[in-house]
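Take a look at the structure below.
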Protein chains: 2
Amino acid sequence: MSDLLERLRGRGWRMTAQRRVVAEVLNGEHVHLTADEVHARAVTKLPEISRATVYNTLGELVSLGEVLEVTTDKRAKRYDPNAHRPHHHLVCARCGAIRDVHPTGNPLADLPDTERFGFTVSDVEVTYRGLCPDCAGA
Amino acid sequence: MSDLLERLRGRGWRMTAQRRVVAEVLNGEHVHLTADEVHARAVTKLPEISRATVYNTLGELVSLGEVLEVTTDKRAKRYDPNAHRPHHHLVCARCGAIRDVHPTGNPLADLPDTERFGFTVSDVEVTYRGLCPDCAGA
DNA sequence: ATCCTACAGTGGACTTTGTCTAAGTCAAAC
DNA sequence: GTTTGACTTAGACAAAGTCCACTGTAGGAT
């Protein structure tokens with residue numbers, strides 16, 4: 001996704017080999033890697049990249065709004081490069097596989113004022129759980 | 001919630017001082033404690049209780065379906081004793097306060113077959129995010 | 001009431017995930 | 001080519017949770 005690299009450069013992001021590699025790893029549909037997985041893949045392209053740099057870079061990408069953090073379980077956070085189209089997630093309860101999904105309807109509208117307890121509600125996150133075809137079949 | 005203790009005993013759960021204390025700590029509405037918070041409160045009632053026991057007991061309560069695990073952020077899991085009425089959560093993005101909420105509608109019905117990728121979808125979890133009155137006002 | 005024993009609890013080491021820091025390096029402006 | 005401040009690094013540290021070998025005890029059997 002050189003688009004991403006272009007956008008980042010345009011925003012004054014200083015380009016380095018490490019950042020380029022991280023951006024390259026986070027490329028595609030239905031990509032939901034943990035920080036350590038990103039690091040593992042980055043190392044194959046740039047062996048001396050450090051864990052701290054991967055964490056820093058992911059954090060910056062999240063701040064810039066180019067990548068979303070996803071917390072589907074209590075384990076590691078995952079990073080989702082599909083930040084430009086709003087979506088929710090479908091998670092396999094057995095193997096942890098994740099798909100991006102686009103439900104109909106607007107769950108924000110389903111929360112009546114009486115259930116808002118004075119909160120200013122600005123966002124909603126929906127996680128569907130079930131079994132993926134592989135785990136359901138086996 | 002002696003109901004809970006009764007139910008557990010009825011299921012053949014061996015009753016011990018430690019388990020009783022953990023069950024007592026997890027009592028009430030809008031209770032969403034982390035394992036460490038549960039431990040901290042349990043210690044005031046039973047000073048020698050160990051962290052491992054609290055984790056074990058919480059895990060068992062979750063397996064028994066008496067308590068729900070809630071992962072609202074990347075930090076510690078929280079434990080929600082309100083397992084018998086389905087509900088979702090409203091979380092303050094600033095201070096982390098959590099309320100149980102009951103939206104209208106059924107988000108499960110909002111996921112068309114074409115968006116299920118062959119998964120057997122059995123559950124959905126909705127997390128609303130925003131600012132609580134205190135954090136919005138300040 | 002006492003004994004037994006399988007199940008429960010304990011503390012501490014260990015693992016995983018993530019953060020911080022001091023010192024070295026390098027991209028980009030000049 | 002120099003300069004400079006932002007970027008990277010390695011490793012120490014921290015928080016949350018798991019594991020394990022040993023000890024203790026609830027509750028049934030006697």
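Just so it is clear: chains get the letters A, B, ... in the order the sequence lines come, proteins before strands, and each one is counted from 1. Just the heavy atoms: all of them, side chains too, but no hydrogens, waters or symmetry mates, feed the values below.
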Problem set entry | Partner set under side chain to side chain donor-acceptor pair (under 3.5 Å) for A/Thr120, not counting sequence neighbours | none
Problem set entry | Estimated bend of the helix from C/dA1-D/dT30 to C/dC30-D/dG1 (axis per five terminal pairs, rounded to 10 degrees) | 30°
Exercise. Could you give the start and end, 5' to 3', of the contact zone on DNA chain C for chain B, using atoms under 4.0 Å from its heavy atoms?
Worked result: C/dA6 to C/dG11
For this session: May I ask you to decide if A/Leu64's main-chain N or O and A/Arg11's side chain share a donor-acceptor pair within less than 3.5 Å?
Result: yes
Seminar exercise, completed: Result for side chain to side chain contact (heavy atoms under 4.5 Å, CB included) between B/Thr34 and one of B/Arg75, B/Arg78, B/Lys77 points to B/Arg78
For this session: Would you indicate whether the side-chain heavy atoms of A/His30 and A/Ile98 approach each other to under 4.5 Å?
Result: no
Problem set entry | A/Asn56, A/Val67, A/Leu46, A/Ile49 screened by side chain to side chain contact (heavy atoms under 4.5 Å, CB included) with A/Val22, the one that passes | A/Ile49
For this session: Mind checking side chain to side chain donor-acceptor pair (under 3.5 Å) for B/Thr127 and listing every partner two or more places apart, or none if nothing turns up?
Result: none
For this session: Sequence neighbours left out, what passes salt bridge (Lys or Arg N to Asp or Glu O under 4.0 Å) with B/Arg51? Give chain and number order.
Result: B/Asp36
Exercise. Which pairs count as salt bridge (charged side-chain N to carboxylate O under 4.0 Å, His left out) when at least one residue sits in residues 117-127 of chain A, sequence neighbours excluded?
Worked result: A/Glu125-B/Arg129
Exercise. Roughly how many Å is it from NZ in A/Lys77 to P in D/dA15, rounded to a whole number?
Worked result: 15 Å
Problem set entry | All side chain to side chain donor-acceptor pair (under 3.5 Å) counterparts of A/Arg19, not counting sequence neighbours | A/Glu60
Exercise. In whole angstrom, what separates B/Leu8's CG from D/dA26's P?
Worked result: 17 Å
Exercise. Which residues in residues 10-21 of chain A have at least one heavy atom lying under 4.0 Å from any atom of DNA chain C?
Worked result: A/Arg14, A/Met15
Exercise. So which pairs with a foot in residues 63-93 of chain B pass ring pair (Phe, Tyr, Trp, His ring centres under 6.0 Å), sequence neighbours left out?
Worked result: B/His32-B/His89, B/His87-B/His89
Exercise. Is a side-chain N or O of A/Arg99 found less than 3.5 angstrom from the main chain of A/Val91, in a donor-acceptor match?
Worked result: no
Problem set entry | Side-chain (B/His39) to main-chain (B/Thr53) donor-acceptor, under 3.5 angstrom | no
Exercise. For residues 31-42 of chain A, which residues have at least one heavy atom under 4.0 Å from DNA chain D?
Worked result: none
Exercise. Which ones in residues 50-66 of chain A lie close to DNA chain C, meaning a heavy atom under 4.0 Å from one of its atoms?
Worked result: A/Arg51, A/Ala52, A/Tyr55
Seminar exercise, completed: Sequence neighbours excluded, the answer for side chain to side chain donor-acceptor pair (under 3.5 Å) partners of B/Arg85 is none
For this session: Side-chain contact test, heavy atoms from C-beta onward, threshold under 4.5 Å: evaluate it for A/Pro103 versus A/Tyr128 and give yes or no.
Result: yes
Problem set entry | More than 12 heavy atoms of other groups within 6.0 Å of A/Arg41 CZ | no
